[in-house]
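See structure below.
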Amino acid sequence: MQFIIEHLKKGYEEKEVLKDINFTFEQGKIYGLLGRNGAGKTTLFNCLNSDLNVEMGRFYLYDGEEHNVDMHHIGYVTSTPTVPEFLTGREFLQFFIDINKDNIQDLKSIDEYFEIVGIQQEDRDRLLKDYSHGMANKMQMLINLIYNPFILLLDEPLTSLDIVAADEMKRILRNIRDNHILILSTHIMELAMEMCDEIVILNHGILQSVEKDQEKIITMLKDDNND
């Protein structure tokens, strides 16, 4: 299965952020999305997630036939997680499962899900408002793992995690890679080189694949004046 973007454009007032995005993402790969600050990586994710309306262009799934992309196909892990602070971790997971149970495959117990991302026993019944940024990020990742969308957009997903949690999250992403398309936006070059099968750069409003060569990538990014 492929995820194809054609001639996607998006701007804000006088600034054209995404000028002409054309790219084909392949199932079974982790893509590293790199770009200078202000290049439009989050804008691209928001367009694909339908949080922003696009001005032109389209995107769709392709397996010999075209299929529309809807909310069930795409998951989005944002860099700043938003969780309902008035619920405990357990209540949040139970609520999410209750409203999505018809679309969840291989349903597990609440505690099994907590184990996947390493939320400790003593934290499972605490209010989410008392969770650290890293713990809230784990919860955001977890609901996407439970729902299991085909395309997963990851906006700086590991930066707030401790070393052990980040290593576990890398393992989880590698394990689900074969049946998904994972697009990981990061400012950490080493993470992109280690984790990703292919590097794509958003530069001057255009998305392009590049060699996994750190010096070449840095040279290309230096040529971008968006920062």
Side-chain angles (χ1 to χ4, degrees), residues 2-12 14-49 51-52 54 57 59 74-81 133-134 137 140-141 151-177 180-227:
Q2 297 175 321
F3 177 45
I4 300 176
I5 306 173
E6 294 180 345
H7 302 295
L8 187 67
K9 296 184 180 182
K10 179 64 180 178
Y12 301 99
E14 300 299 319
K15 183 176 183 180
E16 192 175 30
V17 179
L18 307 178
K19 296 181 180 179
D20 191 15
I21 302 295
N22 295 277
F23 203 84
T24 297
F25 294 95
E26 304 279 350
Q27 179 178 335
K29 287 186 177 183
I30 302 176
Y31 292 85
L33 175 61
L34 302 179
R36 297 283 295 273
N37 291 335
K41 301 185 296 298
T42 299
T43 296
L44 175 61
F45 277 2
N46 285 331
C47 288
L48 299 180
N49 194 46
D51 286 340
L52 288 176
V54 301
F59 47 89
I74 294 186
Y76 187 8
V77 178
T78 61
S79 57
T80 304
H133 183 93
N137 206 356
Q140 182 186 209
M141 177 71 79
I151 302 163
L152 190 55
L153 310 176
L154 302 150
D155 191 355
E156 299 286 350
L158 306 180
T159 53
S160 63
L161 301 181
D162 61 47
I163 295 173
V164 174
D167 188 64
E168 180 64 14
M169 198 60 66
K170 292 176 189 177
R171 183 189 67 79
I172 290 170
L173 294 176
R174 291 189 182 106
N175 284 345
I176 68 173
R177 166 176 47 197
H180 298 78
I181 293 172
L182 308 179
I183 307 173
L184 189 156
S185 173
T186 180
H187 287 99
I188 305 174
M189 179 74 74
E190 292 76 12
L191 175 63
M193 301 296 281
E194 172 197 352
M195 277 289 298
C196 301
D197 303 292
E198 188 171 335
I199 304 297
V200 291
I201 287 182
L202 184 54
N203 194 24
H204 298 301
I206 300 203
L207 196 63
Q208 57 185 315
S209 179
V210 297
E211 294 180 39
K212 287 181 72 173
D213 183 311
Q214 187 164 330
E215 290 188 6
K216 288 183 179 179
I217 292 170
I218 291 173
T219 298
M220 290 184 68
L221 292 177
K222 282 182 177 178
D223 186 46
D224 193 343
N225 295 318
N226 283 319
D227 197 14

Open item on the list: What verdict does the side chain to side chain contact (heavy atoms under 4.5 Å, CB included) test give for His7 and Asn22, after you've listed the backbone C-alpha separation in whole Å, the side-chain angles of each residue and the deciding distance to 0.1 Å?
Closed with: CA-CA 5 Å; His7 302 295; Asn22 295 277; 3.5 Å; yes
[X] vs [Y] side-chain heavy atoms within contact, under 4.5 Å:
{"X": "Val210", "Y": "Lys216", "result": "no"}
{"X": "Leu18", "Y": "Leu202", "result": "yes"}
{"X": "Leu182", "Y": "Ile176", "result": "yes"}
{"X": "Pro157", "Y": "Met169", "result": "no"}
{"X": "Asn137", "Y": "Leu158", "result": "no"}
{"X": "Leu153", "Y": "Leu33", "result": "no"}
{"X": "Met193", "Y": "Ile217", "result": "yes"}

Between [X] (side chain only) and [Y] (backbone N and O only), is there a donor and an acceptor less than 3.5 Å apart?
{"X": "Lys19", "Y": "Ile206", "result": "no"}
{"X": "Lys212", "Y": "Cys196", "result": "yes"}
{"X": "Lys41", "Y": "Gly35", "result": "yes"}

To the nearest 0.5 Å, tell me how far [X] [atom1] sits from [Y] [atom2].
{"X": "Arg177", "Y": "Ile172", "atom1": "CZ", "atom2": "CD1", "result": "14.0 Å"}
{"X": "Leu207", "Y": "Phe25", "atom1": "CG", "atom2": "CZ", "result": "5.0 Å"}
{"X": "Arg36", "Y": "His187", "atom1": "CZ", "atom2": "NE2", "result": "9.5 Å"}
{"X": "Thr78", "Y": "Tyr76", "atom1": "OG1", "atom2": "OH", "result": "6.5 Å"}
{"X": "Phe3", "Y": "Tyr31", "atom1": "CZ", "atom2": "OH", "result": "11.0 Å"}
{"X": "Asp20", "Y": "Ile5", "atom1": "CG", "atom2": "CD1", "result": "11.5 Å"}

Audit row: Leu154, Ile30, side chain to side chain contact (heavy atoms under 4.5 Å, CB included) steps and yes/no: CA-CA 10 Å; Leu154 302 150; Ile30 302 176; 5.9 Å; no
The residue among Thr80, Asn46, Thr42, Thr186 that forms side chain to side chain donor-acceptor pair (under 3.5 Å) with Asp155 is Thr42
message = Can you see whether Thr24 engages Gln2 through a side-chain donor-acceptor pair at a distance of less than 3.5 angstrom?
response = no
Tightest non-hydrogen contact, residues Val17 and Gly40, listed as CG1-CA, 3.5 Å
Taking every heavy atom of Gly38 against every heavy atom of Lys15, the minimum-distance pair comes out as O-NZ, 4.0 Å
inquiry  = Using side chain to side chain contact (heavy atoms under 4.5 Å, CB included), reason through Glu194 and Lys170 one step at a time and then give a plain yes or no.
reply    = CA-CA 10 Å; Glu194 172 197 352; Lys170 292 176 189 177; 3.2 Å; yes
Trace of the side chain to side chain contact (heavy atoms under 4.5 Å, CB included) decision for Met220 with Leu34: CA-CA 10 Å; Met220 290 184 68; Leu34 302 179; over 6 Å; no
